[in-house]
Each structure stands twice: as C-alpha cells, then as structure tokens.
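Since this is a predicted model, take the numbers as computed values, not measurements. Each chain gets a letter, A, B and so on, in the order the sequences are listed, and its residues count up from 1.
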Amino acid sequence: MEEQFVVRQEKLKKLEALGVAPYPYRYEVSHRFAEVIAAHKERDAEQLQRDAAAVRVAGRVVAIRSMGKSVFMHLFDGSDRLQVYVRKDGVGERDWAVTGLLDIGDIVGAAGTVFKTRTGELSVLVQELTFLAKSFHPLPEKWHGLQDKEVRFRQRYLDMIVNPDATEVFRKRSRLIQAVRRFFHERGYVEVETPMMHPIPGGASARPFVTHHNALDIDLYLRVAPELYLKRLLVGGMEKVFEINRNFRNEGISLMHNPEFTMIEFYELYRDFSDYMDLSETLLLELAGELLPDAVLRWQDKEIPLRPPFRRVKYMDAIAEKSGLALEALWDEAAMRAHIAKALPNEPMPPTYGKMLDLLFSHYVEDGLVEPTFVTYFPKAISPLSKVSRLDERETERFELYIAGMEIANGFSELNDPLEQRRRFEAQARDRERGDDEAQRIDGGFLTALEHGMAPAAGEGIGIDRLVMLFAGAASIKDVILFPLLRPKE
RNA sequence: GGCCCCUUAGCUCAAUUGGCAGAGCAAUUGACUCUUAAUCAAUAGGUUGAAGGUUCGAUUCCUUCAGGGGUCACCA
C-alpha cells in the first residue's frame with residue numbers, strides 16, 4: 001500500500017539522521033537460533049543468569065510487543081523463531097531510538113545474553129541492536145498466515161517468511177536429492193550432465209518446447225528426457241552413470257504435472273530390469289531411513305508402508321483384471337476399439353493401438369495403485385526403447401513403479417539391438433502419421449551409437465518432484481517446486 | 001483447451017431477499033520496563049479483479065475479459 005511504503009521510507013530517513021547505516025555490509029553471527037535453543041533450553045533461569053552466555057543473532061522481525069520503555073520482539077531466521085528483549089536502560093541511546101523505528105519485516109542483528117523470561121521462554125536480552133535491512137511492505141497477517149495460493153507461488157519468499165512449513169518442504173527436498181546422489185555415488189555411479197537442448201527430441205513420448213539458435217540458424221528442442229544421450233555414454237563404456245536434471249514437456253499443468261520437472265535417470269551395464277526393480281526398492285527404503293521416522297509414507301489421508309518386495313503385476317493382466325476384458329481382446333486392436341466405443345463413449349477414439357492401451361490403463365488401473373506396485377512387461381507397442389521380453393515377444397522387459405496412484409519410476413532392460421531399434425523407431429513414425437504427435441522420432445545419431453555396440457544394460461528414470469511430494473506429504477507438485485509455472489501477470 | 005468454483009482494506013474473512021461496504025490483525029497517534037494472538041484509548045485505510053448491461057438502487061443478477069483453484073483430456 002502506498003501510504004505504508006511512504007511511512008516506512010520516512011522511518012529509513014530517520015534512521016539515517018541517527019547516523020545508522022541503513023544497509024550495512026556484514027554482521028558477525030555467533031549462533032543460529034536453533035543452536036541457541038539447543039544449547040540453553042534445558043537450563044533454568046538461575047543458571048542462565050549466572051552464566052550470562054553472550055550471543056550475536058540475526059533475523060527478520062516478525063512480531064513486536066512494545067511495553068513503553070521495554071520491547072519484546074520475535075525474530076525469524078528462516079527456520080526458527082527467537083524472542084529478543086530490548087530495555088531502554090539496557091542499550092545505548094541510539095539503539096533505543098532505532099528500536100522505536102523498527103517495523104515488522106525489518107531485519108536486525110541482536111547482541112546480548114541468553115536468559116529466560118518469567119514465563120520460561122528462552123530469549124536474548126539485547127545489549128546492542130544493529131539495523132541490517134528495511135522492509136517497505138507489510139507482511140501477511142500473523143494468525144492465518146498467507147492463504148492465497150497465487151501469492152504463495154508468485155512471491156514464494158512471503159510464503160517462506162510467514163508459513164515455516166513451506167520452507168520445511170524445500171529443506172526435505174534438498175535432503176532427499178542429497179540422499180539420492182549419495183546412494184548412486186556410493187555404488188560407483190558417475191554423475192554427468194548431458195545437453196538440455198536437443199536437435200531431435202527423444203527418450204520419451206511427449207511434446208517438446210522449441211527454441212532457436214541464431215548463430216547456427218537451427219531449431220532446438222528443450223529435452224523431454226536425457227535417455228538417448230546417457231545411452232551413448234554406455235556405448236562409450238561408462239559402466240554406471242546417472243544424471244539429475246530438469247526435463248521439459250509441453251503438456252498440461254495439474255496437481256502432478258509442471259512443464260519443467262526434475263528427473264534422475266540412471267543406467268548400469270550388464271544388468272536387467274529385474275535388477276533395477278530390486279534397486280528401486282533399496283533406494284526407497286534408504287530414503288525413508290533418511291527422511292521418515294519409519295518406513296511409512298504419510299500422504300494426504302493415507303498411510304503407505306514401504307515394505308519390499310513391492311507388489312508386481314503385469315501391465316496387461318492389470319488392465320484385464322480391472323476392465324473385465326479378456327487378455328486376447330487386449331491384444332486385438334479391433335476388439336479394443338469396440339470396447340472403447342461401447343464402454344467409454346465420451347472418450348475420443350485414440351488414433352493408435354498404443355494410445356488405446358494408455359487410455360484403458362489410466363481409466364481402469366492407475367488410480368488404484370496406491371501401495372507401491374511395479375507394473376511390468378509393458379507391450380512393445382508403447383515401449384520403443386525397451387528390450388523384448390524373454391517370455392512373450394509381444395511384451396518388453398519394462399516396469400513402472402506406482403505409489404499413491406502416481407507414476408514414480410519407469411525402467412527397463414535397454415534395447416541395444418540397432419536393427420530392432422530402427423524398426424521400433426519406424427513403427428513410431430507410423431504412429432506419428434496416424435496422428436500420435438507424441439510418438440518418438442528417429443534419432444540417427446543414437447542409432448549409429450547403438451551400431452557400434454552397446455553392452456546389455458538396465459536403465460531407469462525417477463520423478464524427483466513426485467518423490468518429494470510423497471516424502472513431504474504434499475498434495476500438489478506446486479508445493480514442492482519453488483517457482484511453479486503460472487501465467488505471467490499484467 | 002472443455003466444464004465447475006473463487007476474486008471485497010496490506011493480510012484473514014463478513015455483509016439477510018438487490019437497499020448506508022464491516023471486523024480482527026497489520027498501519028498511524030498516545031499510555032505502559034517480563035510481553036508472547038500483549039493490553040488500553042483514538043485515527044486512518046475501499047474504483048468490492050476489469051469493462052459493459054439490467055435496475056430507482058448492484059459486493060449481490062446477466063454478459064464479456066483477466067488471474068487463480070478444482071476437474072477432465074494430454075503427460076511423468
């Protein structure tokens with residue numbers, strides 16, 4: 001609001017008139033609030049008075065209670081709150097004048113001694129108050145915090161100042177990614193960075209974002225997946241490799257989808273999809289050990305135990321069971337078409353057989369996969385990069401891990417036969433001609449790499465944002481992405 | 001993109017059937033040297049998201065637009 005902005009600018013001028021530097025360069029902090037609290041919370045008022053431990057702390061003023069010649073304030077350091085107490089006769093004349101000019105939102109340093117108030121709250125009796133930065137805007141209300149989701153996402157810093165839980169989610173995210181990295185480093189994986197801009201988008205079925213490089217005068221696509229580049233590294237002999245980075249998909253936004261999202265992809269030579277299902281279980285349990293009190297995900301109103309081995313169900317069996325369709329019908333395009341026309345009359349008829357399968361899977365199966373479940377042996381038609389099953393040539397050695405109705409991971413025995421890979425790409429090209437504009441494109445450079453010989457390998461991708469949702473109990477992907485995509489305002 | 005819902009003071013929310021736009025917090029002024037949702041007294045703060053329409057009269061009803069949320073589709 002205009003008026004408050006003006007008033008606060010006037011206060012800044014008054015500070016300068018007192019000889020206070022309004023934007024000093026540094027402040028020597030001796031303890032974070034959590035350290036002060038941990039060190040002294042168990043001691044009683046008498047002990048604290050005897051010792052008079054000296055601290056220098058800093059934070060944002062989030063509450064002011066003035067008693068006239070003494071002022072209580074709560075400071076917030078990004079994680080914790082700490083009360084400080086300024087008395088007129090306890091600080092210098094100038095510091096007292098500064099205290100009177102403070103607004104909620106200002107940032108200050110406080111040097112003094114730790115004590116306990118009459119009501120037992122650990123506080124700092126201030127001897128020296130240092131002004132560190134001015135806030136010209138009022139903070140959201142103290143009781144209810146900031147409710148407006150739009151403001152929370154557009155001005156995430158306000159969310160973080162007022163709703164400490166928001167920050168906690170992102171600390172968890174950081175710890176989770178750190179734990180994932182350590183997991184793979186401990187197993188001898190090499191972390192790499194492959195291009196974010198691809199001349200041919202590949203590695204996943206999705207619409208890409210397009211951009212243009214001026215000097216080369218070529219269109220480039222923001223990557224939808226790093227897969228085809230990571231496999232080139234397998235050809236090069238990198239035995240274990242992973243990448244944690246952003247993917248970009250030009251698709252809709254929902255509780256589970258943001259156009260840019262973080263993914264880990266990892267690959268290991270001489271392994272197959274079965275090894276990677278085991279590895280996924282190990283990883284999730286290790287993350288639970290790191291982030292949860294026990295191996296139980298608490299998400300929304302659900303309790304989801306992580307108890308290996310996770311349930312395993314074949315993709316086609318899952319659809320057959322939930323739809324009531326016979327397995328033979330699922331393998332027959334005409335029968336599928338008839339079923340969809342009759343049972344799902346409001347759905348537009350998918351252009352390809354693979355899209356029909358997708359439709360039935362998401363309609364009948366997906367939401368019901370709450371407990372951790374590996375869906376296995378995806379049909380060849382929708383798995384252009386995975387190896388054919390040893391058991392049934394219509395299927396592939398591919399799995400997806402579902403938890404809480406969300407797809408969390410996707411892995412397979414990597415197709416390494418270049419002639420077969422070329423045929424799969426050609427089948428995708430035919431799907432594209434039939435109207436599936438997410439069908440994968442032929443990447444000649446990738447085929448050439450395979451032609452040089454790639455050892456058998458397993459590969460997998462895990463959606464990090466969704467994993468954070470599960471481990472932090474977040475209902476929306478927007479709650480685990482600091483700045484989710486919103487339509488720009490004005 | 002389709003459908004449904006929301007948008008009122010800086011923030012959180014009210015406003016009876018269409019009849020004078022309010023409260024708490026925040027802010028301003030004053031009192032107060034252990035408060036913590038501090039307290040007490042006073043003051044100020046509004047183009048009710050925007051533009052039209054109906055009406056004597058619109059926060060309220062209608063249309064269009066903008067932003068957001070939910071949902072469906074696509075996707076992870």
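In this structure a side-chain-to-backbone donor-acceptor pair under 3.5 Å is missing from A:Glu366 to A:His363.
Regarding A:Lys69, its NZ atom lies at a distance of 11 Å from the P atom of B:C34, rounded to whole Å. As a whole-Å value, the separation of A:Gln4 CD from B:A9 C1' is 10 Å. Straight-line distance from the CZ atom of A:Arg65 to the P atom of B:A27: 13 Å, rounded to whole Å. Atom CG in A:Leu486 sits about 11 Å away from atom P in B:G70, given to the nearest Å. Atom-to-atom, NZ of A:Lys478 to P of B:G67 comes out at 14 Å; the value is rounded to the nearest Å. Spacing between atom OH of A:Tyr85 and atom P of B:U33 amounts to 9 Å, rounded to whole angstrom units. Nucleotide B:G69 holds its P atom 13 Å from the CD1 atom of A:Ile477, rounded to whole Å. Remark: C1' of B:A76 and CD1 of A:Ile253 are 14 Å apart, rounded to the nearest angstrom.
Closest approach to the A:Val7 side chain among B:U28, B:G69, B:U12 is made by B:U28 (side chain taken as heavy atoms from C-beta onward). Proximity note for A:Glu150 (side chain, C-beta onward) versus B:G70, B:G67, B:C34: the nearest is B:G67. The nucleotide whose nearest atom lies closest to any side-chain atom of A:Glu121 is, among B:A76, B:U35, B:A26, B:U35. Across B:G68, B:A76, B:C13, the shortest atom-to-atom separation from the side chain of A:Arg154 is found for B:G68. Proximity note for A:Glu251 (side chain, C-beta onward) versus B:U12, B:U35, B:C74: the nearest is B:C74.
Residue contacts for A:Gly461: at a heavy-atom cut-off of 4.0 Å it reaches no nucleic acid atom on any strand shown. Within 4.0 Å of A:Ser205, counting heavy atoms only, lie sugar-phosphate atoms of the nucleic acid but no base atom. Note on A:Leu255: only backbone sugar-phosphate atoms sit closer than 4.0 angstrom, heavy atoms only; bases stay farther off. No engagement by A:Asp436 is indicated, since no non-hydrogen atom pair under 4.0 Å with the nucleic acid exists. Counting any heavy atom pair closer than 4.0 Å across all strands shown, A:Gly463 reaches no nucleic acid atom. Among the protein residues, A:Asp89 comes within range of the nucleic acid bases, having at least one heavy atom under 4.0 Å from a base atom. Within the nucleic acid shown, A:Arg81 has no heavy atom closer than 4.0 Å to any nucleic acid atom.
Here A:Lys142 does not reach the OP1 or OP2 of B:C11: none of its side-chain N or O atoms lies under 4.0 Å away. Phosphate proximity of B:C34 to A:Arg87: absent, as no side-chain N or O sits under 4.0 Å from OP1 or OP2. Side-chain nitrogen and oxygen atoms of A:Lys11 include at least one within less than 4.0 Å of the OP1 or OP2 phosphate oxygen of B:U28.
Across the C1' atoms, B:C13 and B:G53 are found 30 Å apart, a figure rounded to whole Å. Nucleotides B:U48 and B:A58 place their C1' atoms 11 Å apart, quoted to the nearest Å. B:C56 and B:G10 are spaced 34 Å apart, taking the P atom of each and rounding to whole Å. Rounded to the nearest Å, the gap between the P atom of B:G1 and that of B:C61 is 26 Å. Nucleotides B:U59 and B:C20 have their C1' atoms positioned 14 Å apart, rounded to a whole Å. Rounded to whole Å, the P atom of B:C5 lies 33 Å from the corresponding atom of B:G24. Going from the P atom of B:U12 to that of B:U17 covers 26 Å, rounded to whole Å. Rounded to a whole angstrom, the distance from the P atom of B:G49 to that of B:A44 is 25 Å.
Taking the six-membered ring for Trp and the full ring otherwise, the centers of A:Tyr402 and A:Phe361 sit less than 6.0 Å from each other. Between A:Phe266 and A:Phe242, the gap from one ring centroid to the other reaches at least 6.0 Å.
Remark: A:Lys116 NZ is packed, more than 12 non-hydrogen atoms of other residues, nucleotides or ligands lying under 6.0 Å away. Summarising the local packing, CD of A:Glu168 is surrounded by more than 12 heavy atoms from other residues, nucleotides or ligands at distances under 6.0 Å.
Two residues, A:Lys116 and A:Asp465, neighbour RNA chain B, and the one matched to the more 5' nucleotide by heavy-atom proximity is A:Lys116. Mapping A:Phe115 and A:Ser362 onto RNA chain B by nearest heavy atom places A:Phe115 at the nucleotide closer to the 5' end.
Using a 4.0 Å cut-off between a side-chain N of Lys or Arg and a carboxylate O of Asp or Glu, A:Arg223 and A:Glu243 qualify as a salt bridge.
Cation-pi contact between A:Arg398 and A:Phe378: present, with separation from the ring centre below 6.0 Å and deviation from the ring axis of at most 45°. Figure legend: A:Arg298 and A:Phe471 shown without cation-pi pairing, the cationic atom not lying both under 6.0 angstrom from the six-membered ring centre and within 45 degrees of its axis.
Rounding to the nearest 0.5 Å places CZ of A:Arg312 at 10.0 Å from CG of A:Leu401.
Judged by centroid separation below 5.5 Å and plane tilt below 30°, A:Trp143 does not stack onto the base of B:A37.
Looking at A:Gln83, its side chain comes within 3.5 Å of the base of B:U35 through a donor and an acceptor atom. A donor N or O paired with an acceptor N or O is found under 3.5 Å between the base of B:G24 and the side-chain atoms of A:Glu141.
Stretches of at least 3 consecutive Watson-Crick or G-U wobble pairs, with each checked distance under 3.5 Å, appear in RNA chain B as B:1-7 with B:66-72, B:10-13 with B:22-25, B:27-31 with B:39-43, B:49-53 with B:61-65.
For the side-chain contact (heavy atoms from CB on, under 4.5 Å) criterion with A:Tyr315, the lone passing option out of A:Thr376, A:Thr396, A:Leu330, A:Ile382 is A:Ile382.
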